[in-house]
Amino acid sequence: MKERTAWKKAAVLPKPLIGTGQALEKFRQGIRLQGGDERIVDEPERLPAARLHLRVASAASGFVTGTNCEQFGIALAMLGGGR
(Lines give C-alpha, C1' and ligand atoms only; values in the text may rest on other atoms or scores of the structure.)
Protein backbone atom coordinates (compact mmCIF):
# COMPACT_ATOMS: atom_id res chain seq x y z
CA MET A 1 0.00 0.00 0.00
CA LYS A 2 2.89 2.38 0.75
CA GLU A 3 4.21 1.83 -2.78
CA ARG A 4 0.92 3.00 -4.29
CA THR A 5 1.00 6.16 -2.16
CA ALA A 6 4.57 6.85 -3.24
CA TRP A 7 3.59 6.55 -6.90
CA LYS A 8 0.67 8.93 -6.43
CA LYS A 9 2.94 11.49 -4.78
CA ALA A 10 5.52 11.05 -7.53
CA ALA A 11 2.89 11.66 -10.21
CA VAL A 12 1.75 14.91 -8.58
CA LEU A 13 5.18 16.33 -7.68
CA PRO A 14 6.34 17.52 -11.15
CA LYS A 15 3.07 19.21 -12.18
CA PRO A 16 3.69 22.59 -10.50
CA LEU A 17 7.32 22.54 -11.67
CA ILE A 18 6.18 22.04 -15.25
CA GLY A 19 3.44 24.65 -14.95
CA THR A 20 5.77 27.35 -13.62
CA GLY A 21 8.57 26.63 -16.07
CA GLN A 22 10.96 25.48 -13.32
CA ALA A 23 11.34 22.03 -14.90
CA LEU A 24 12.31 23.53 -18.25
CA GLU A 25 14.84 25.81 -16.57
CA LYS A 26 16.32 22.78 -14.75
CA PHE A 27 16.62 21.03 -18.11
CA ARG A 28 18.43 24.06 -19.57
CA GLN A 29 20.71 24.11 -16.53
CA GLY A 30 21.58 20.43 -17.01
CA ILE A 31 22.51 21.05 -20.63
CA ARG A 32 24.59 24.12 -19.70
CA LEU A 33 26.43 22.28 -16.89
CA GLN A 34 27.44 19.57 -19.35
CA GLY A 35 28.83 22.14 -21.78
CA GLY A 36 25.93 21.97 -24.19
CA ASP A 37 24.08 24.69 -26.05
CA GLU A 38 20.95 25.31 -23.99
CA ARG A 39 19.36 27.21 -26.88
CA ILE A 40 18.30 23.86 -28.32
CA VAL A 41 15.47 23.79 -25.78
CA ASP A 42 13.74 26.64 -27.59
CA GLU A 43 15.34 26.09 -30.98
CA PRO A 44 15.47 22.32 -31.62
CA GLU A 45 16.44 22.96 -35.24
CA ARG A 46 19.93 23.68 -33.85
CA LEU A 47 20.33 19.96 -33.16
CA PRO A 48 22.26 18.03 -35.78
CA ALA A 49 20.13 16.10 -38.25
CA ALA A 50 20.83 12.64 -39.58
CA ARG A 51 22.21 12.57 -43.12
CA LEU A 52 20.15 9.53 -44.01
CA HIS A 53 16.52 8.84 -43.25
CA LEU A 54 14.65 5.59 -43.72
CA ARG A 55 10.89 5.39 -43.42
CA VAL A 56 9.71 1.98 -42.24
CA ALA A 57 6.06 1.06 -42.71
CA SER A 58 4.36 -1.14 -40.17
CA ALA A 59 2.51 -4.25 -41.24
CA ALA A 60 -0.17 -3.51 -38.64
CA SER A 61 -1.56 -0.59 -36.67
CA GLY A 62 -1.02 -0.33 -32.94
CA PHE A 63 1.62 0.61 -30.40
CA VAL A 64 5.10 -0.57 -29.55
CA THR A 65 4.75 -2.54 -26.33
CA GLY A 66 8.34 -3.65 -25.88
CA THR A 67 11.83 -3.32 -27.26
CA ASN A 68 15.20 -5.03 -27.00
CA CYS A 69 17.39 -2.25 -25.60
CA GLU A 70 20.57 -4.30 -25.93
CA GLN A 71 20.02 -4.71 -29.67
CA PHE A 72 19.29 -0.98 -30.02
CA GLY A 73 22.57 -0.26 -28.23
CA ILE A 74 24.52 -2.61 -30.47
CA ALA A 75 22.99 -1.08 -33.60
CA LEU A 76 23.74 2.42 -32.32
CA ALA A 77 27.38 1.51 -31.64
CA MET A 78 27.69 -0.04 -35.11
CA LEU A 79 26.41 3.22 -36.61
CA GLY A 80 28.98 5.25 -34.67
CA GLY A 81 26.68 6.57 -31.99
CA GLY A 82 26.96 6.40 -28.25
CA ARG A 83 28.68 8.34 -25.54
Side-chain angles (χ1 to χ4, degrees):
M1 200 64 154
K2 286 183 181 180
E3 187 175 310
R4 176 180 269 174
T5 303
W7 277 106
K8 284 183 180 179
K9 286 181 182 177
V12 173
L13 183 65
K15 288 183 181 179
L17 298 175
I18 292 169
T20 63
Q22 287 178 283
L24 195 56
E25 185 50 42
K26 231 3 161 176
F27 183 53
R28 282 189 186 92
Q29 181 185 26
I31 294 169
R32 185 172 52 249
L33 290 172
Q34 294 179 57
D37 183 353
E38 64 188 89
R39 294 177 297 176
I40 62 120
V41 174
D42 300 307
E43 303 169 37
E45 62 276 3
R46 290 181 169 275
L47 290 168
R51 287 181 287 124
L52 303 173
H53 297 262
L54 175 65
R55 186 175 298 265
V56 179
S58 173
S61 63
F63 299 92
V64 174
T65 59
T67 62
N68 184 325
C69 294
E70 181 181 14
Q71 292 298 311
F72 278 135
I74 291 169
L76 179 64
M78 291 172 68
L79 293 169
R83 299 184 228 181

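Any value given below was found using the heavy atoms of this structure, including those in side chains, with hydrogens, waters and symmetry copies removed.
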Which residues, ordered by chain and number, are linked to I74 in its hydrophobic cluster, where ILVMFWY side chains connect at heavy-atom gaps below 4.5 Å, directly or through other members? M78
Enclosure of E70 CD (heavy-atom neighbours >12, cutoff 6.0 Å): no
Give every donor-acceptor pair under 3.5 Å between a side-chain atom in residues 30-37 and any protein atom, sequence neighbours left out.
unit_1 : atom_1 : unit_2 : atom_2 : d
R32    : NH1    : E38    : OE1    : 2.8
R32    : NH1    : E38    : OE2    : 2.9
Q34    : NE2    : G30    : O      : 3.3
D37    : OD1    : R39    : N      : 3.0
D37    : OD1    : R39    : NE     : 2.9
D37    : OD2    : R39    : NE     : 3.3
D37    : OD2    : R39    : NH2    : 2.8

Measuring from L47:CG to E45:CD, what's the distance to the nearest 0.5 Å? 8.5 Å
L17 CG to L24 CG distance, which is reported to the nearest 0.5 Å: 11.5 Å
About how many Å separate NZ of K26 and CD of Q29, when rounded to the nearest 0.5 Å? 4.0 Å
Between P14 and A11 the two heavy atoms that sit nearest each other are CD-O, 3.7 Å
